[in-house]
Amino acid sequence: MTEKTQQFASDNYSGICPEALETLLQANHHHELAYGEDRWTAKVCDRLRELFEIDCDVFFVFNGTAANSLSLASLCQSYHSIICHEMAHVETDECGAPEFFSNGSKILVSSGNNGKLTPESIERLVQKRSDVHYPKPKAISLTQSTEVGTVYSREELLDIRNMADKYSLKLHMDGARFTNALVHLKVKPKEISWQCGIDILCLGGTKNGLAVGEAILIFNKAMAEDFEYRCKQAGQLASKMRFLSAPWLGLMENDVWLKNARNANDRARDLARQLQEIPQVSVMFPVEANAVFVEMPQPVIKALHDRGWRFYTFIGEGGVRLMCSWDTRLETVNAFISDLKDVL
Ligand SMILES: *Cc1c(COP(=O)(O)O)cnc(C)c1O
């Protein structure tokens, strides 16, 4: 077995992209103001406002769990509830952090094809109860792209916004892979964020090529009130903030974030195309972003693991999850397929 230099387990197995690393090094030349008062952070915030074409408030935190849970906490009181898909990261992979940081807001899960909520599924949950004994729905959390690698279209988002308006619900987007959706839909950032009524977007940086860090974009400024205190209390205010923020400049200049996401999406498509030709495996969901979910016989999974391939089998509805990253090479895809054919 040869040592694998790339894996399909997660898009956070990859390293830092060169452009982000470069701006990180540039930020290391001089002393700077601390706690986000520095020039790098100001510059990145402005750049994000420019790219999203709106004067939003921007915050940087260390990871997605913090971004999501602090955002949701700011949308809800403890007696409220948050509607999300049953496979949502906020429900399955954050160890109760949204409930913890909101002091008890309850997460209500709904099902839906391809990892997506629908207006109907939301309405069903809202209408289930309206009495004082049940936590009042206050927010919807959508994952874009979804946990199973599909993408909400602009129309789907607008329909959900309409339903949200009907019941005065706020809209949060877990955009750990927002850029992969952007590239798939070939739209501008605003077209699938605030123009669809998203109140808060957690924009993923780590999986797009940063070492660490996610940005929180609060489009509805009233909802940003005191948010910096929330971050500080949660241990999410970096004192040397420039090292969280400066790498974003590397992503944001010259469309590097789009280039990175496009590579990940394209490799996933390459992988899916080859997998579809193998009768013993079946692709489980439309491949629209950078994930491919496949069903394959258990002995085959074991044989691939034995050959040194790492991938998860417990995410979403089960099956094998293969994630591509900003730097996944076609040779890696081909090597995986070749090993798969070999063990079949
Ligand atoms: C990776 C991921 C996150 C962030 O997870 P952390 O490990 O907390 O950074 C959030 N949402 C989704 C859908 C993810 O895949």
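Just follow the structure's listing: the first ligand is 1, and inside any ligand the first atom is 1. Quick caveat, the model's predicted, so the values are computed rather than measured. Keep in mind that the numbers below use all heavy atoms, side chains included, and drop hydrogens, waters and symmetry copies.
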Consider every N or O of [X] and every N or O of ligand 1, then say whether any pair is closer than 3.5 Å.
X      : value
Gly64  : yes
Asp174 : yes
Thr65  : yes

When you compare the side chains of [X] and [Y], does any donor N or O come within less than 3.5 Å of an acceptor on the partner?
X      : Y      : value
Thr65  : Asn63  : no
Arg267 : Asn263 : yes
Gln6   : Thr328 : no
Glu94  : His89  : yes
Asn68  : Glu214 : no
Ser105 : His80  : no

*So, do Lys43 and Leu249 sit near enough that their side-chain heavy atoms are less than 4.5 Å apart?*
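Yes; the side chains approach each other to less than 4.5 Å.
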Any atoms of ligand 1 less than 4.0 Å from a non-hydrogen atom of [X]? List them with their elements.
X      : answer
Ala176 : 2 (C), 3 (C), 10 (C), 11 (N), 12 (C), 14 (C)
Asn63  : 8 (O), 9 (O)
Glu147 : 13 (C)
Thr143 : 13 (C)
Arg177 : 15 (O)

*For atom 5 (O) of ligand 1, what's the nearest protein heavy atom and its distance?*
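Ranked first by proximity to atom 5 (O) of ligand 1 is His89 CE1, 3.3 Å.
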*Protein heavy atom at shortest distance from atom 2 (C) of ligand 1*: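 The closest one turns out to be Lys207 NZ, 2.4 Å.
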*Compute the minimum heavy-atom distance from Thr206 to ligand 1 and say whether it is under 4.0 Å.*
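Per 4.0 Å heavy-atom rule, Thr206 does not contact ligand 1.
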*Should Phe219 and Trp248 be regarded as members of a common hydrophobic cluster, given that ILVMFWY residues are connected when their side-chain heavy atoms come within less than 4.5 Å of each other, either directly or indirectly?*
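Both belong to a single hydrophobic cluster.
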_Test of understanding: given a 4.0 Å heavy-atom threshold, classify the contact between Glu214 and ligand 1 as side chain, backbone, both, or neither._
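For Glu214, there is no contact with ligand 1 at all, from either part.
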